[in-house]
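Keep in mind that what you see is a predicted model, and the values were worked out from it rather than measured. Throughout, protein chains are lettered first and strands after them, A, B, ... in sequence-line order, and every chain is numbered starting at 1. Basis for what follows: all heavy atoms, side chains included, without hydrogens, waters or symmetry-related copies.
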Number of protein chains: 4
Amino acid sequence: MFSKFLSLDSEKQDRIINAAIKEFAQKGYDSASTNEIVKDAGISKGLLFHYFQSKKQLFFFLFDYCYNLVADEFYKKVDLTERDFFKRIRQAVHIKMDLQTKYPEILTFIQEAFRQDSPDIKDEFDKKKQELNSVNAGIIYDGIDLSKFRDDVDVQKILKVISWTFEKMSDEELQKAKVVPGHKIDYEKVFLEAEEYFEIFIKCFYK
Amino acid sequence: MFSKFLSLDSEKQDRIINAAIKEFAQKGYDSASTNEIVKDAGISKGLLFHYFQSKKQLFFFLFDYCYNLVADEFYKKVDLTERDFFKRIRQAVHIKMDLQTKYPEILTFIQEAFRQDSPDIKDEFDKKKQELNSVNAGIIYDGIDLSKFRDDVDVQKILKVISWTFEKMSDEELQKAKVVPGHKIDYEKVFLEAEEYFEIFIKCFYK
Amino acid sequence: MFSKFLSLDSEKQDRIINAAIKEFAQKGYDSASTNEIVKDAGISKGLLFHYFQSKKQLFFFLFDYCYNLVADEFYKKVDLTERDFFKRIRQAVHIKMDLQTKYPEILTFIQEAFRQDSPDIKDEFDKKKQELNSVNAGIIYDGIDLSKFRDDVDVQKILKVISWTFEKMSDEELQKAKVVPGHKIDYEKVFLEAEEYFEIFIKCFYK
Amino acid sequence: MFSKFLSLDSEKQDRIINAAIKEFAQKGYDSASTNEIVKDAGISKGLLFHYFQSKKQLFFFLFDYCYNLVADEFYKKVDLTERDFFKRIRQAVHIKMDLQTKYPEILTFIQEAFRQDSPDIKDEFDKKKQELNSVNAGIIYDGIDLSKFRDDVDVQKILKVISWTFEKMSDEELQKAKVVPGHKIDYEKVFLEAEEYFEIFIKCFYK
DNA sequence: CATGAATGAGTGTTCATTCAT
DNA sequence: AATGAATGAACACTCATTCAT
């Protein structure tokens, strides 16, 4: 589908991808301008539509590209033989922080992408989000040693509470970074805060 | 400021408010079209701008209108003398469900509004959100009896985990309703699920 | 035609006239907004169109009103028995300066009005300008003692040169006042400058 | 800056330029409609803004284009070695008449442009006018032999009177052409009239 | 007499997309 | 493959004018 694009020399590919990521991350799907993208990428209007037939397809290509890139790296790094839930989720949080440092624009783009709900992409994108969520949940919780958890509560619900906590924590941090301009995320501090939640959860949810 | 509008006969007011809520909720601030709103409300272009001088002012009016409407009803129903945290938050969850059933579009609009970050409204709206958050957090946690919580963990963090859980639960439910068209939220089921989380939290977080 | 308006209590008449003069003088015919006029005059939209059926008619009424007002006062003050051309034109210049001080907005409006050429009013207004010019030229030069002028040149042309000089002088002064904001016309200086031109003309054009 | 436009085939360039000149000359900056321009030029709305990013830039481009065109031709024809003031100004008047015959719309546009004072263009355009005036005055009066003028009067004022006379003469002629529809300027007659003024000035202002 | 709600065509400008070259 | 000229519908917003009250 995007084979034409993918057989371009990679320097040009990168210019286009970076320009598009930047524009979509900054302005959101609807307000992103293909004009800005081509200007920034240094290519012509026509070429963009030659490779990606529409803004929509460009967006989906971009999302898949970015998502796969970080997911690949994530799964390369994560140790799925670790059976203790907290060690596993701690890994996940750390790897995510690393990725955020290594590819800040890409991660920002992905996070912004998840928030889009323009009518143009809504239906298709909502389905994709759903899929990804279930796939990831399947993998990330696979092989976990559930025997350490208290027996008097529904373990699945506890796992949810824990995941949600780290998602919300990360959201809040990103939100702060956006509202307070110039605010840099202090990864050390976030890491320590996460650690405190880990301890609480171990105390409360383990036997 | 919007006295002109508010002295209209309420049938027309409603038509305009509903049309605007629908459009903003569906498309977000930037992509919402005043053209669609007037078409849907059955009024002329000029009239909308006769009442509200700009799209921005219309949006803020709408947000305040909706927010006050549900907040009023919320605070009328909530029992702030209840000092037990879980009973209090259970109340809140139930009332929110009621409101969602009673005013589904309005609640959707409010939730969507909170996610907007169009440059046109960002600064003004971020301030408003900040205010509302602190006001509400102050009220909702006021007078809570914290002595029932375990002494070996940071209570503030536990409160956060609990709030986040119910927020995420609600988000997921809404997301499901969006993805599966025609899917109706089964409040009975959601209510029961919430109840299960309550029990877990009481078991794990109370002394 | 405007009898309805003219039988209003004069305080309201004035408010309307002043508001309209201000708006037209500031923005020109096309860009002047009847909305601004009614807001400034403190009357309703409908009333303005009740008295003057259209923007165009309001403009023409206003022009006639202002023109007659200053013309009346001008002709009341000018001494048409003075037969020396330079004394007569000196008078005219002085009276015009007085009027400019006494009714600055009205004079500004008239001057601006003469510059309008919106297609809406062009044809009708051009005719009016032509008429006024010839009427005034007739009166102002009537009874002048032409015997003092050199015999070797066409006196009519000399009169034109002199009138044009004072018109252009006045234009330039007004232009300066507009370009340099806050610049106040120094009538004393203008008067002295005019005097210098008088002397030149007497030296060169009189026998 | 306007290189995109200038590399168009000249037939289309002309259509656009002529349409824009016509509209601006007729209606003035504020009331000129880009809709009318594109309709008249037979191009799409988008294209106009593809070449000129805004109405303002179109106007300034147009002004520079027209001004340079006539100024170039003017300075090509004028003989700046002629040191006699009247011979020099006679040249100027004749060349201007030629240009008016050759490019009537362009001259009209330039004259109208000088009268604009829309707030959108005022500041930028006033500066430009100021510049052009001083540049031209510098060139046109450069090397003039002032020794022929009477010693008993201020020569600078006399030069002004003379310039003003020809400006006003030209204005009146244009005004007549506008009021009487179908009236063609009889250049022969204007030329003769100008000649009469020259003679008067020579008689009165030279030693 | 007086109001101001209501109209709808108008404004300059941007947009994703197409297509001849 | 690559260009960028060209399109026209869409955008938020303003306007003079009308008319029911």
*Could you check whether C/Lys56 gets within reach of a base, just the sugar-phosphate, or nothing at all, counting any heavy atom under 4.0 Å?*
nothing
_Please classify the nucleic acid contact of C/Ile37 as base, sugar-phosphate, or nothing, using heavy-atom distances under 4.0 Å._
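Contact class for C/Ile37: none.
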Any side-chain N or O of [X] less than 4.0 Å from the OP1 or OP2 oxygen of [N]?
{"X": "C/Lys55", "N": "F/dC15", "answer": "no"}
{"X": "B/Ser44", "N": "E/dT7", "answer": "yes"}
{"X": "B/Asn35", "N": "F/dA10", "answer": "no"}
{"X": "A/Lys45", "N": "F/dG4", "answer": "no"}
{"X": "A/Ser54", "N": "E/dA16", "answer": "no"}
{"X": "B/His50", "N": "E/dA5", "answer": "yes"}

Salt bridge [X]-[Y], side-chain N to carboxylate O under 4.0 Å:
{"X": "B/Asp117", "Y": "A/Arg115", "answer": "yes"}
{"X": "C/Lys129", "Y": "C/Asp126", "answer": "yes"}
{"X": "A/Glu131", "Y": "A/Lys128", "answer": "no"}

*Kindly compute the distance separating OH (B/Tyr67) from CD1 (B/Ile110), expressed to the nearest 0.5 Å.*
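Atom-to-atom, B/Tyr67:OH and B/Ile110:CD1 are 7.5 Å apart.
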In whole Å, I'd like the distance from the [atom1] atom of [X] to the [atom2] atom of [N].
{"X": "A/Leu47", "N": "F/dA5", "atom1": "CG", "atom2": "C1'", "result": "16 Å"}
{"X": "A/Gln53", "N": "E/dT18", "atom1": "CD", "atom2": "P", "result": "9 Å"}
{"X": "C/Leu48", "N": "F/dT18", "atom1": "CG", "atom2": "P", "result": "12 Å"}
{"X": "C/Asp30", "N": "E/dG10", "atom1": "CG", "atom2": "C1'", "result": "13 Å"}
{"X": "D/Ile43", "N": "F/dG8", "atom1": "CD1", "atom2": "P", "result": "12 Å"}
{"X": "C/Gln57", "N": "F/dA16", "atom1": "CD", "atom2": "P", "result": "15 Å"}
{"X": "B/Phe5", "N": "E/dG4", "atom1": "CZ", "atom2": "P", "result": "18 Å"}
{"X": "D/Lys39", "N": "E/dG10", "atom1": "NZ", "atom2": "P", "result": "8 Å"}

_Need to verify one output field. Residue with the more 5' nearest nucleotide on DNA chain E, D/Ser31 or B/Gly42?_
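Per heavy-atom nearest nucleotide, the more 5' residue is B/Gly42.
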*Are the side chains of B/Leu62 and B/Ile21 in touch, meaning some heavy atoms are under 4.5 Å apart?*
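Contact flag for B/Leu62/B/Ile21 side chains = yes.
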*Heavy-atom distance under 4.5 Å between the side chains of C/Leu132 and C/Phe63, does that happen here?*
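They are in side-chain contact.
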*E/dC19 - base-pair partner by Watson-Crick or wobble geometry, distances under 3.5 Å*: F/dG4
*Between B/Thr34 and D/Asp9, which has a closest nucleotide on DNA chain F that is more 5'?*
D/Asp9
*Of all the nucleotides listed (E/dA2, E/dA5, E/dG12), which has the minimum atom distance to the side chain of D/Phe49?*
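Among the listed nucleotides, the one closest to the side chain of D/Phe49 is E/dG12.
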*Among F/dA2, E/dA2, E/dC15, find the nucleotide with the atom closest to the side chain of C/Tyr51.*
E/dA2
